[in-house]
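Report on the following structure.
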There are 4 protein chains.
Amino acid sequence: MLDAAVTAFARHGYQAASMDDIAEAAGVSKPLVYLYLKSKEELFTACVRREVAALVAAVREGTRQRGLSADQQLWNGLTAFFAHTAARPDGVAVLYRARTRGEPFSREVDTMRIEVVVIVTALLGQAARDAGCAGKLAEREVSGLAHALVGAAESLAEWADSRSRTGLSGAEPSPDAPSANETAATLMNFCWAGLENLMKGARWVPGVGSGSAVARGPHGP
Amino acid sequence: MLDAAVTAFARHGYQAASMDDIAEAAGVSKPLVYLYLKSKEELFTACVRREVAALVAAVREGTRQRGLSADQQLWNGLTAFFAHTAARPDGVAVLYRARTRGEPFSREVDTMRIEVVVIVTALLGQAARDAGCAGKLAEREVSGLAHALVGAAESLAEWADSRSRTGLSGAEPSPDAPSANETAATLMNFCWAGLENLMKGARWVPGVGSGSAVARGPHGP
Amino acid sequence: MLDAAVTAFARHGYQAASMDDIAEAAGVSKPLVYLYLKSKEELFTACVRREVAALVAAVREGTRQRGLSADQQLWNGLTAFFAHTAARPDGVAVLYRARTRGEPFSREVDTMRIEVVVIVTALLGQAARDAGCAGKLAEREVSGLAHALVGAAESLAEWADSRSRTGLSGAEPSPDAPSANETAATLMNFCWAGLENLMKGARWVPGVGSGSAVARGPHGP
Amino acid sequence: MLDAAVTAFARHGYQAASMDDIAEAAGVSKPLVYLYLKSKEELFTACVRREVAALVAAVREGTRQRGLSADQQLWNGLTAFFAHTAARPDGVAVLYRARTRGEPFSREVDTMRIEVVVIVTALLGQAARDAGCAGKLAEREVSGLAHALVGAAESLAEWADSRSRTGLSGAEPSPDAPSANETAATLMNFCWAGLENLMKGARWVPGVGSGSAVARGPHGP
DNA sequence: TATGAATGAGAATTCATTCAT
DNA sequence: GATGAATGAATTCTCATTCAT
């Protein structure tokens, strides 16, 4: 039953998805929906929670393997993420929509983001240790980086999804659809060098010539 | 009048914002709103279009200066972007919300994304030329990178905005709020090294040890 | 099971009392209720009938004693009535509510009123005989007097009940609550002299000076 | 528009009267009803208030004439009351129903009852003065008497109304219907002698033989 | 031109009532 | 015999949208 709700919410948004439609799509009657979940809000909350849990679980599962280098772990997490978003586009869309519905819902999703931030922060910390000399990054900068990473990932996931839909309603995946691996690789290429540099204490600063536009931080050689 | 609509849509979302409220906030009567714009959808579209135009113009303005290195130009574009999002949070929120509404609206926003993709693509092309030997990037990869960049930027903008709101309703900016420059710097640090590498034909590949985890592409030394 | 229904109907009224609540309060399942009584209406009817019967029985019991003067018999009936309404406020409330529901229910209550009218009529007849020379009262006037009596009694019963509730939820009776005897005495004081006059053929007529504002009827001295 | 609501509420009660029906009966659309009165409760409240005001005004008007004896004033009030209830049976029915709907409404009606109590109390006071030697009645007894009077009046009004309806749907009044004057006379006959006695300090006490079953109070001769 | 007044269509939610077990 | 699970039908209320002026 939640499946039908997730699909409806994903396609039409919270307000536009009517309980009639959801019930019909679920193949049950409206009162039954109300029997299980007291209100539309609760139904939405339930959907959000389920999708948050599924997504977090997927990423967690991807990053479970210990003893890998930081980039490998990030890579694993990203592949898991993109695999999940490709497999459950509606679920992800619900999360996306939840962020635009006031406090109680966005809080739920933010909690998830925070979990990701924690994972990423841990990774960066490990990367820093791996890199020998840790340039201590301000907590705020780490938070900003994590948000950048999550935003980039979300955006890429949506892009990949939209690509996979271009092939009309055909069931087989469009050849335009990038695989989870490809998408993850794009993102790794996009960000890993920068993250690694930061770990080493090297950062980009404005006004220095391109090419080698990095300044060694205080801990640089 | 659009201002009132933008504010309302930003605060309550498309569905929850009622035409009554919008008309009242605009200080005109409802029929007048309908006289100028045929329907709620068109009103929303008009808002979206205006905000898209404003945002694109801001970014264009930022990247107008010719003769700069690619990273400087990107930097300029990003600072312009973050300055704009900080200055017009409601407008940006409307765009954000537009993406979660079906076809007609998201198309509008996608158009914007495409404009940005074009800009970024041009930048990357220039960067590649600057770097001497251009590793031809597949059109698809460029598109993906641009989406990653836009997503990261949007996410950071929202993050910066939420930080600036933590200081209650007080008028003065919260000390937690990162400046546009700081935010842009975070994003440059996040992505420039990777983009530059790609321009040189160097890319991250999975399974190679961390630290120097880049493989020179075919055009590498 | 009827007890639960009576309580529920008394507290929330016919419409607001839900079958769920009644079934739960009765400690049985809803289908069982439907097994015994075909519908909510029938359930309500059953409640009304039971309460009517109980009330009439109480009054009958009070007036059973023969050989008393008419006023003593009325007095006995009234004390019985007020004792009953004080003892079963919920039952009385159901009757009260039944009168505000359309035909099928009010008819039931009217039946009760008619029974009371019969009793009162008999009393008045006896009183007339006792008074020696009976002024034949029109059937309609008797009916009107009986309704007045019943209405006054109901109103006083409710008033007494509301007084007894002022003492909060405390179990002990509020000191404000008049006893059944007091209430009955009030009513006797209110109406007996008038009834007695009528039996004697004396009646109040408008336009005669107060104080002795009674005109002897045709059978008067 | 209130007229339609009053009719509907009178006929079906608060819950059973649907806003659809009310709107249709009023010849307007439902949203218009909501435009004028924010909710069903407010609509009901408005009806109740209007009917209370009308009824109180009618009675007030009836008792306006000063300088009359107490019984004449009561008589005038009662005639006005019964004329009003005969003229606006639906309005009265609404008041009747309002008493069974929890606090906010019953309070409204009780307020009216209190106004009547005040009037009656004043009358009784005057009667006592007229009678020369005032037997001070306890405040509680006066309240009880007033409730008895109001209850009797209501009951008679309803009875008169039901009589007037027996003639089917025919437009002309049923010959069974007692006139306001007749009904008022019945009530005066029912209660005035008793009230007058009380004013003189004479009261009925149980256990004394019928006929002259009044004991002179302390102020009696 | 600008609007006060009005509405059609549809939303969430509840409840008396019934099967299948 | 008793019930958990399920629903058809209504109810209150809202809102985008339009005339008549």
Side-chain angles (χ1 to χ4, degrees), chain A residues 1 5 8 12-24 26-44, chain B residues 1 5 8 12-24 26-44, chain C residues 1 5 8 12-24 26-44, chain D residues 1 5 8 12-24 26-44:
Chain A
M1 192 164 82
H12 312 295
Y14 176 78
Q15 304 252 16
S18 87
M19 293 299 263
D20 281 276
D21 299 347
I22 292 174
E24 190 176 9
V28 296
S29 71
K30 226 180 341 161
L32 191 56
V33 177
Y34 279 91
L35 196 70
Y36 281 73
L37 293 150
K38 216 143 280 197
S39 70
K40 196 185 188 183
E41 279 216 8
E42 269 194 35
L43 175 57
F44 190 59
Chain B
M1 190 164 83
H12 310 296
Y14 175 77
Q15 301 259 6
S18 85
M19 294 298 267
D20 284 271
D21 299 347
I22 292 172
E24 190 178 9
V28 297
S29 74
K30 231 183 330 168
L32 191 55
V33 177
Y34 279 91
L35 196 71
Y36 280 73
L37 295 149
K38 211 133 257 173
S39 70
K40 196 186 189 184
E41 281 213 5
E42 274 194 32
L43 174 57
F44 189 61
Chain C
M1 190 163 84
H12 312 296
Y14 175 76
Q15 300 260 5
S18 85
M19 294 298 266
D20 284 88
D21 299 347
I22 292 172
E24 190 178 9
V28 297
S29 74
K30 232 184 328 168
L32 191 56
V33 177
Y34 278 91
L35 197 69
Y36 280 72
L37 295 149
K38 215 136 249 164
S39 70
K40 196 187 189 183
E41 282 213 5
E42 274 194 31
L43 175 56
F44 190 61
Chain D
M1 191 164 82
H12 311 295
Y14 177 78
Q15 303 253 12
S18 86
M19 293 299 265
D20 281 276
D21 299 346
I22 292 173
E24 191 176 8
V28 297
S29 72
K30 224 181 341 161
L32 190 56
V33 178
Y34 279 93
L35 196 69
Y36 281 73
L37 292 151
K38 217 144 282 200
S39 70
K40 196 186 187 182
E41 278 217 5
E42 270 194 34
L43 175 56
F44 190 59

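Predicted model only: the values in this text are computed from it and were never measured. So you know, we letter chains A, B, ... as the sequences are listed, proteins then strands, and number each from 1.
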Which atom names give the shortest non-hydrogen contact between [X] and [Y], and what distance separates them?
X	Y	result
Leu37(D)	Met1(D)	CD1-CE, 4.4 Å
Val33(D)	Ala23(D)	CG2-CB, 3.9 Å
Ile22(A)	Ala8(A)	CG1-CB, 3.6 Å

Each stem that DNA chain E is part of, given as range with range (3 or more consecutive Watson-Crick or G-U pairs, under 3.5 Å): E:2-21 with F:2-21
Side chain of Ser29(D) (C-beta onward), nearest among dT7(E), dT1(E), dC15(E): dT7(E)
Please state how far atom [atom1] in [X] lies from atom [atom2] in [N], giving the value in whole angstrom units.
X	N	atom1	atom2	value
Lys30(C)	dT14(E)	NZ	C1'	11 Å
Leu35(A)	dT14(E)	CG	P	12 Å
Tyr36(D)	dG4(E)	OH	P	13 Å
Tyr34(B)	dG4(E)	OH	C1'	16 Å

Bounds of contact between DNA chain F and chain B, in 5' to 3' order, using a heavy-atom cut-off under 4.0 Å: dA16(F) to dC19(F)
For [X] and [Y], indicate whether the former's side chain and the latter's backbone hold a donor-acceptor pair under 3.5 Å.
X	Y	result
Lys40(C)	Ala17(C)	yes
Lys30(C)	Asp21(C)	no
Lys38(A)	Leu43(A)	no

Interatomic distance, Asp20(A) atom CG to Glu24(A) atom CD [nearest 0.5 angstrom]: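 Spacing of CG (Asp20(A)) from CD (Glu24(A)) equals 8.0 Å.
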Reported OG-to-NE2 distance for the pair Ser18(D) and His12(D), which is rounded to 0.5 angstrom: 8.5 Å
Upstream residue (5' side of DNA chain E) when Val28(D) and Tyr14(A) are each assigned their closest nucleotide: Val28(D)
5' precedence on DNA chain E between Leu32(B) and Met19(C) (nearest-nucleotide basis):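 Mapping each residue to its closest nucleotide by heavy atoms, the 5'-most match is Leu32(B).
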Close side-chain approach of Tyr34(A) and Met19(A), heavy atoms under 4.5 Å: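 Touching, per the 4.5 Å side-chain cut-off.
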Min side-chain heavy-atom separation Glu41(A)-Tyr14(A) under 4.5 Å: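 Yes. Closest side-chain heavy atoms under 4.5 Å.
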Whichever of Pro31(D) and Gln15(D) has its nearest DNA chain F nucleotide further upstream toward 5': Gln15(D)
Residue whose closest nucleotide on DNA chain F lies nearer the 5' end, Gly27(A) versus Ala17(B): Gly27(A)
Within residues 37-44 of chain D: residues closer than 4.0 Å to DNA chain F (heavy atoms): Ser39(D), Lys40(D)
Glu42(D) atom CD, over 12 foreign heavy atoms within 6.0 Å: yes
